[in-house]
Number of protein chains: 2
Amino acid sequence: MEYNVYASACPTRMIFDRISDKWALLILDRLCQQPVRFNQLLREIDGISQKMLSQTLKNLERDGLIKRQAFPTVPVTVEYSITALGKTLSSTVNVLIHWAQDNGDAVLAAQVEYDGRMAS
Amino acid sequence: MEYNVYASACPTRMIFDRISDKWALLILDRLCQQPVRFNQLLREIDGISQKMLSQTLKNLERDGLIKRQAFPTVPVTVEYSITALGKTLSSTVNVLIHWAQDNGDAVLAAQVEYDGRMAS
DNA sequence: TGATCTAGTTACCTAAAGGAAACTGGGTCG
DNA sequence: CGACCCAGTTTCCTTTAGGTAACTAGATCA
């Protein structure tokens with residue numbers, strides 16, 4: 001089977017959809033550093049809602065990218081950690097995040113230039 | 001200014017939103033190979049509509065990632081090409097696409113395993 | 001004159017994404 | 001007993017993404 005991401009029927013497209021999910025990428029990057037609990041993620045990832053966090057974590061676990069582990073402490077704590085598969089992806093995602101941080105100014109400048117050019 | 005992608009107010013977040021756009025990534029990857037015309041992209045990127053293509057191209061141009069160039073041929077042809085800035089991004093995106101192609105089977109297998117585990 | 005190429009734009013509409021906030025449930029503290 | 005912790009789930013509602021399809025416009029060919 002020839003994989004071609006430009007074909008809509010290609011299974012890679014489905015994975016591509018998952019990858020192009022802002023919350024998933026942020027969570028993956030965060031878990032790459034160390035295992036994190038649910039509410040800790042909720043506090044650290046600014047702007048995410050409980051619902052989206054729960055949903056995204058479930059998807060990531062289903063994809064085999066992260067692992068959920070509940071500890072019978074009181075109150076119960078749940079730790080999310082990255083899997084070996086997830087690690088291979090997150091290293092790429094990391095580069096993407098760094099690109100955004102490094103080139104933010106350049107993109108912003110391009111936008112200003114474009115808007116000025118279009119307005120005139 | 002400290003850049004922190006986990007903060008919702010951070011400008012990198014805005015760029016991050018743009019990056020996590022399936023069509024943008026596909027177009028960027030395609031243009032990385034060589035300049036392509038509008039209708040050619042429409043034909044090659046399976047499933048994209050005229051509207052989304054036009055919209056995404058405009059965004060990418062505004063971000064300084066691609067360049068639009070019209071030629072006074074008959075009928076007029078418009079060529080989209082990648083910029084230097086876009087090239088730095090697309091090389092990362094490329095790795096992402098290859099990851100999806102290489103690890104598609106592993107993810108699919110994880111999903112099957114997860115679904116079986118949840119059903120029981 | 002009407003069809004066809006180019007590269008789009010616009011209007012309409014629907015399906016889905018996702019936010020806010022309330023609620024569950026088990027356990028502990030005061 | 002009531003308040004508060006964690007880790008979610010559910011409901012409701014609004015906004016947006018994005019698809020379809022029609023339309024613009026200039027030039028050419030038959």
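First the proteins, then the strands, lettered A, B, ... as listed; each starts at 1.
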Between A:Ile66 and A:Leu28, what is the shortest heavy-atom contact and its length? CG2-CD1, 3.9 Å
Integer-rounded Å distance: D:dG18 P and B:Trp23 CH2: 9 Å
Heavy-atom nearest pair, B:Ser8 first then A:Asp46, reads OG-OD2, 3.0 Å
Whole angstrom value for the distance that separates C1' of D:dC5 from CZ of A:Arg43: 11 Å
If you check every side-chain atom of A:Tyr80, which of D:dG8, D:dG19, D:dT10 has the closest atom? D:dG8
Rounded to whole Å, how long is the line connecting atom CG of A:Leu53 with atom C1' of D:dT10? 16 Å
Whole-Å distance, A:Leu57 CG to D:dA7 C1', equals 11 Å
What is the distance, rounded to the nearest whole Å, between atom CD of A:Glu44 and atom P of D:dA7? 13 Å
Nearest-nucleotide pick for B:Met52, side chain only, options being D:dG26, D:dA7, D:dG19: D:dG19
Just the endpoints, please: which first and last nucleotides of DNA chain C, 5' to 3', lie under 4.0 Å from a heavy atom of chain B? C:dC5 to C:dA11
What does B:Ser49 touch in the nucleic acid at a heavy-atom separation under 4.0 angstrom: a base, only the sugar-phosphate, or nothing? base
Identify the heavy atoms of A:Tyr80 and A:Val78 that sit nearest to each other, and give their distance. CE1-CG1, 3.8 Å
What is the distance from CG of A:Leu41 to C1' of D:dC6, rounded to the nearest Å? 14 Å
Check the distance between D:dT24's C1' and B:Gln50's CD and give it to me in whole angstrom. 12 Å
To the nearest 0.5 Å, what is the distance between CD (B:Glu61) and OG (B:Ser81)? 9.5 Å
Phosphate OP1/OP2 of D:dT9 contacted by A:Ser54 side-chain N/O (<4.0 Å): yes
Please determine whether a side-chain nitrogen or oxygen atom of A:Arg68 lies at a distance below 4.0 Å from atom OP1 or OP2 of D:dG8. yes
Residue pair A:Lys22/B:Asn39 against DNA chain C: nearer the 5' end by closest nucleotide is B:Asn39
Indicate the atoms forming the closest heavy-atom contact of B:Lys58 with A:Tyr114, along with that distance. CG-OH, 3.5 Å
For the pair made of CZ in A:Arg37 and P in D:dG8, what is the distance, rounded to whole Å? 11 Å
Touch check for A:Phe71, heavy atoms < 4.0 angstrom, all strands: base, sugar-phosphate only, or nothing? nothing
Using only atom types and a distance under 3.5 Å, with no angle test, would you say the side chain of B:Ser54 pairs donor to acceptor with the backbone of B:Gln50? no
Sorted by position of nearest nucleotide on DNA chain D, 5' first, the leading residue of A:Pro75 and A:Gln55 is A:Pro75
Indicate every side-chain donor-acceptor pair of residues 93-103 of chain B with a distance under 3.5 Å to a residue at least two apart or in another chain.
unit_1, atom_1, unit_2, atom_2, d
B:Asn94, OD1, B:His98, NE2, 3.3
B:Asn94, ND2, B:Asp29, OD1, 2.9
B:His98, ND1, B:Gln101, OE1, 3.4
B:Trp99, NE1, A:Thr88, OG1, 2.8
B:Trp99, NE1, B:Asn103, OD1, 3.2

Between A:Lys51 and A:Val74, whichever has its closest DNA chain C nucleotide further toward 5' is A:Lys51
